[in-house]
Each structure stands twice: as structure tokens, then as C-alpha cells.
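Accompanying notes for the structure given below.
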Protein chains: 2
Amino acid sequence: MAHNEWKSVGNGHLEGPVSIPDLDPSKLTITLTDTPKPLPNPEDLVFGAIMTDHMLVSSFDPINGWSAPEIKPYGPFTLDPASSCFQYATNIFEGMKAYIGPDGKPRLFRPEKNMARLARSAARLALPPFNTNALLELIKKLIVIDQRWIPNLEGHSLYLRPTIIGTRPTLGVAASDRALLYVILSPTGPYFRTGPKPVSLFAAAENVRAWPGGTGSHKVAGNYAPGFLPQKEAAKLGYEQILWLLKDESGWKVTEAGAMNIFVVVGREDGDLDVITPPLDGTILPGVTRESILAIVKAHTDGKLCLPGISPTKCLHAHERSFTIADMEVWAEKGQLLEVFAVGTAAVVAPVGRVGFRDDDSKKAIRDLMLPPYEGGMGPIGRAVRTMIIDIQEGRFEWEGWSVACQ
Amino acid sequence: MAHNEWKSVGNGHLEGPVSIPDLDPSKLTITLTDTPKPLPNPEDLVFGAIMTDHMLVSSFDPINGWSAPEIKPYGPFTLDPASSCFQYATNIFEGMKAYIGPDGKPRLFRPEKNMARLARSAARLALPPFNTNALLELIKKLIVIDQRWIPNLEGHSLYLRPTIIGTRPTLGVAASDRALLYVILSPTGPYFRTGPKPVSLFAAAENVRAWPGGTGSHKVAGNYAPGFLPQKEAAKLGYEQILWLLKDESGWKVTEAGAMNIFVVVGREDGDLDVITPPLDGTILPGVTRESILAIVKAHTDGKLCLPGISPTKCLHAHERSFTIADMEVWAEKGQLLEVFAVGTAAVVAPVGRVGFRDDDSKKAIRDLMLPPYEGGMGPIGRAVRTMIIDIQEGRFEWEGWSVACQ
């Protein structure tokens, strides 16, 4: 019990000072809505704006453990103004997607990765543990119930937002011993409606997303709000997203882009390509898309699969390695910086066209590092990994059991 | 408009792209409860556990601005599960206290400082601005309405929790353009019921509260949840609170203690005393108690007031200056480390008796730095500033207009 008073032991109970009920799918109650909402036009979908008909909910208290889970009509929560979730941000979440496979059935992409990360986030904020297999089973049931909301169109999906919030209703500065776990669903279209378009990033020097010993490697709500002001300031300067940096003895290390992980593709003198993303040093969110791209790049070079549009003999070297803005400048000057792309569940892969940054002195003018333009907006490696990941997600290409049927 | 789309201009309007209503006390509606709660026994009060009969609420949206403020019975909020406050921790708060003065009337301690800090926190999280004078006027009205809840006993007060949460009900990762501002009140007894008792601190090396470019100097909810796990781990090791450190080239700098600022009192060879607290370098919360203690220590040495129990000729040198755990060890070895105390609105001054820390290697044994024991649990400087601050807060000593009547 290093981190929590209870431990999820997989038999429907949390064990600890006392034994209390764990999240238990066998206790699920389902209440369907009497008034199903009309489906939105897929072309009008805005990310995360419309929710489906139902949601999954279970609450935790230290006497009764996790309550019998409920699938019920989507609707508001009633919460005490003193709740920890408002006062102390005891809130964590996940982002996942469900897709319609060629068999017409919904499927998830490596969902056990999200369940494990949610459990790690819960432990980090001293929220109660839960059985991750049980939550996944419940999520699958919810998706099947709201399956009609998944647009059966390429690049479309159902975005899932599992969330846990602390609900202890007192102001004492301490861990929340009460929680509400819920999962809400939102139909979503492609990140780029008219094909990939390179995004511009502004390198934030004054604001830092994460720090050694902070929570950057966990998906906690508190990581996000501090980015909104820098994001607004970047927008005023004409950039779409923030490039997050962290200064150390090596210089201004590149860490993440907006709410996404980042990759660079660097041409080598031997004709091979280095595909580099920052290592999981505690300041980087361990993204599922990030991990999957690293794996398929290695698989290509190992001859286990062939990335679309890339020669099977082309050697791609995947690296988890720190690099700085100065490294990017040097590579760019030598013509070696071939592609930069941001990756995440929402966008899958978003190409970067331009990176604005200032030298150390914040009064200096902004310099722009320009990435090579590509026909169709995306370079060959970004396009290849994006196509491969989406083909796996949507069930057109079977790979390592990554795509998991919901029923 | 560097930080927000609107600016509070003090005439009941926010000016920006359009003019929308600001928080306006002249629009206040008051609905008193039909069922006033029984007052708790002052001896049974637990910090932040019981709320009074009423609360103050106003909501913001970008079309209608701040709604007509309401004082109404304390009760739960109804919120969409996709709200920013749950998903992205767009939440800020303040901690203040109201006291019963010798005239029997409620008073606040330097409330304009809290209002200004709340406005800075709002700007940092890209929440809407508000008229700070208007909020203070509304808070005073709320306190007068719930005045019966302030225990008229020394060391007792009404704890105030002004809070703003983002209520944008969509999952897009962006600033919240909707908000709920509320103030809740909780009667509170003395931090130490049976007189001061030195607390033990465990110096956290693995977890960092704040960092340059982070939000440590703002009172945002996301600063708190990451401390709960280290707090639990410290408790298992037998320590009551965390001593937060930040490593840089000078070593392990001391920053804060629990959710409080920290002071050390160091004896000098000339017989004077240095009273040192870390500087406001962006990682330290600019606490009102911290600022007030610095001011009264200076006032003592300048002969403008005399700290109780301290000779008027005793020279105290107040410093805002970084120091490290290693500095504390050196001072302790030389017998110069006379007092360590944590300061904040809830405790005012809490003496520290013991600081546990590990050298760089986290596997090493914990060493304890012991502070000199004092009769009554608190050293002369901690006791003097605590008594003086409380005398000012409770209106027994008039100083610089710090104590402000509510009516």
C-alpha cells in the first residue's frame, strides 16, 4: 500500500485496512434514455462539443467502496461547492476513441494502455484505485449502447473521455477520500477536414508545462489550465499551438506540442532516417499514439510490416532521445530536418510547418524555423505512420491485437 | 488586453471586443434560508468541514458577462460532466478570514490583497476578469448576513473561500469562456487547540511543488492535488507536512511548507537576528501572512511598533532571500538556527520542530534536523509575530488599516 489505502485485487474487492467493493461490472444497471437525441451531421462535428445519449457513472466512498456502476442518460452532476475537484483539482482523465470496423462493429485502440495510465494518474493524485479490466468491460458496454453515434466514415470516431474527480466535500487540504468515475462520449470527425494542413508552433520559454518531480507524465487535469494563457498569447502572435520547452544544461529541450507528443525526422549522412521523440523522463506524457508510432517504425525497419509509401529497404531508426531547439536549428541549416509532427489520440498525426522561437532574451525578435513543404501538407514519414495507425485503428490492418472489438 | 479578451474598467462593465456586464453589487439579490442550521459547538470545529447558511454566487458567459450576484442558501451546484473545471482544472481560489472585533462587528484582514491575487490567478488561467472592489463589497454583505457563525472567541474566525471555476461544457482543450464565481464560509477554531505544538516536516526531493515558468506564484487548484500523495507518504514516515524543495545550481532550495510559506530565524554574530523567507521568484505563493510578517518585523526594527516579548532594541533583519537545506544544516551546526515557522491564513504561524531529509540519493537514510525546543512550543520571534498578527486581525491593535470593518 505505498500509494493508497486500498489495492484493487481483481475479485470485486479493494483490499486494505478494510475490504470494500471494487468497480464491479456484474452490478451494472442500465437505464436507457426515453428521448434519444438526433444524430448530428458528421460534417458539422466540432471536437468534444456534442455528447451522446448515455454515460457511465460509479461513485466511491471509503465505507461503501465503488458503487454499482450505472449506464444512464447523459446529464449534469450535483456537487457540493467545497468538493475537492473544484478546490484542489483532484481530477484525472483519459482520451480514447472507438471506431466502426469493417464488420460494422465498434472497436477500441489499445484500450488497456489508457486503463493502466488512468490507474497511474489516480495513484499520483491519491485517488482511490479501481479494477482496470472492470472499467474497460463497462466502457465496451457503453459504446455498444451508443454505437449509433459512431459515424461510419473514414477518419470519424467516437471520442471517449473517462474521468475521475475527487468529491470530498470539505476544505481541509488533503487527499480526496471520495470520488466520481464517469465516462462520456462525443462523436468526432477528422482533425483535418480538408486533408492535412501544417500547423504552426510557438516555442514557449516563459511558461513551462512540466518539470522533473511534477505531474507531466500523468494525465491530470491540472496540467492543462496553465497552458491556456500561453496558447492565447501564441494565437495573438499568429501561431496555432505551443511548443513546450524545458531548459537544462543542454539548452532548451523540446518536450511536447500543445496537448500532444512530438516527433522529428532527421536525415542521416548514410541515407537512413532518425525518427526521434523525447524520452519518458517524467516530464513527457506517455502517449499511446507516441508508443504505437515508435513500435511501427521499428517494425518497418525490422521487416515485420511495411509503412505505406515507404520502401521496405528504407531504414528508419526510432529513438527516444532529448533534443533542443538549437539541435533543430542545426539540422534545419544542414537540410537534415525533414519533418516535424505532433501526435495524439485526437489528431493521430498533425504535421508542423513552422516553429517560432525567441533566443534567450524574451525581448528579441521571433525567428521562424520553417519545415520543408510537402504536397498534400504532410511529409512521407508522417503520412505513412498516420495511415498505418488509422488503418489499424479502423480495423483494416490487423496488428499485434491493437484493435480490440467491443463485443 | 494582453491576457484576456475583456478588462474590468470599474463602471459595472467589462470592456473588450464588446462591452458586457462586470460583477455589480447594485444588482445583488438576497434569498435567506428558511431553515437556518444550528451553530456547531466551537470546540468541535474541524477546519473547512461545516459551511454556513448562505453563499455568494455569480456566473459568467461571454454574451451576458457576470450575472446579477446572488446571496442564497448554501447548496450544491449542477454542472455538465464535460465542464472545464473537471477536465482541465480551470479553478482558482482564495483563503481569507473574518473576525469579530472588540466592537462586536465582523472585520477582514487586508482583504484587498486576496482580491488582487484572485484577479491575478484568474488572468493566469485565462478566466474572465472581474471588479475586485465589487467582489469585496459583496463578500462583506455575505459576512454580515452569516455573522452569527463567527465564534466570538479568541483565535476563532470565519474562514472564507472565494472560488472561480471554469464551466465551459465542451472537451476542446482551450480556455474556459464560462465561469462560476462563488464564496463559501466555514467557522473555524484555532489551528492549535491546546497551544502551539511544533510540527514535523519531511523534505520532498522526488516531488516538486512549483518551478520557474509554472503556476507556483498563483493560487490555482492544480497546485494542490499533486501534493496529496507526498503528504500521505510523509505521514507514513511520521512527518506531518511536506517541506517543498527546488533544486538548482545552489542546491536544494527551501520553498514552502505544506500549503504555507516558511520563515527561518538565524542568529547573527553581532547579536541581531535574520528573519528570512524565500523570495517571490515565481515559485512561491505571495502569501498575505508572509507579507504582513515581513512588514511588522521591519516595523519593529524601525521602531514603529514593538513586537510583544521582544526588546525594542533587538534588531531583526527581514530578508526575502533563497536558502537551502544545506544552509539550514550549517546554521544548525553552529547553533544559529533558532526558529523555523510556517505561515498562512489558516494557521497564522505554525512552529516547526523537526525537518527530515535525505541526501541526494533517495535510498539513503533520513536525517533529522532538530530545532531548539521552547517552552510553550514556539520560539520568541514566531510567538511575537503570531500574537501581533492576531491582535491586528481581531482588532485589538490598529495597524496601517490592515483590519477592515465589514459594515
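Naming convention: chains lettered A, B, ... in sequence-line order (proteins, then strands); numbering from 1 in each chain.
At a 4.5 Å heavy-atom cutoff, the contact between B/F93 and chain A is made by side-chain atoms alone. A/T163 touches chain B through its side chain: at least one heavy atom from C-beta onward sits under 4.5 Å away, while N, CA, C and O do not. Contacts between A/R209 and chain B at a heavy-atom distance below 4.5 Å involve the backbone alone (N, CA, C, O). For a residue to count as touching a neighbouring chain, one of its non-hydrogen atoms must lie under 4.5 Å from one of that chain's; by this rule A/F47 touches chain B with backbone and side chain alike. In this structure, chain B has heavy atoms under 4.5 Å from both the backbone and the side chain of A/A82. With a 4.5 Å cut-off on non-hydrogen atoms, B/T215 touches chain A through its side chain but not through its backbone. Both the backbone and the side chain of A/Q87 come within contact range of chain B, judged by heavy atoms closer than 4.5 Å.
Classified by interplanar angle (parallel below 30°, tilted 30° to 60°, perpendicular above 60°), the ring pair B/Y224/A/Y88 is tilted.
If you tally non-hydrogen atom pairs under 4.5 Å between each of B/G214, B/G172, B/A174, B/G95 and chain A, the highest count goes to B/A174. For chain A, the option among B/V208, B/V173, B/T170, B/L246 with the highest count of heavy-atom pairs below 4.5 Å is B/V208. Of the listed residues (B/V57, B/I92, B/L79, B/D80), the greatest number of heavy-atom pairs within a distance under 4.5 Å of chain A belongs to B/L79. Your options are B/A210, B/A89, B/P230, B/P169, and the one with the most heavy-atom pairs under 4.5 Å with chain A is B/A89.
Within residues 175-192 of chain B, the residues approaching chain A closer than 4.5 Å by heavy atoms are, in numerical order, B/A175, B/Y182, B/I184.
Remark: the backbone N or O of A/G227 is not paired with any side-chain donor or acceptor of A/N207 at under 3.5 angstrom.
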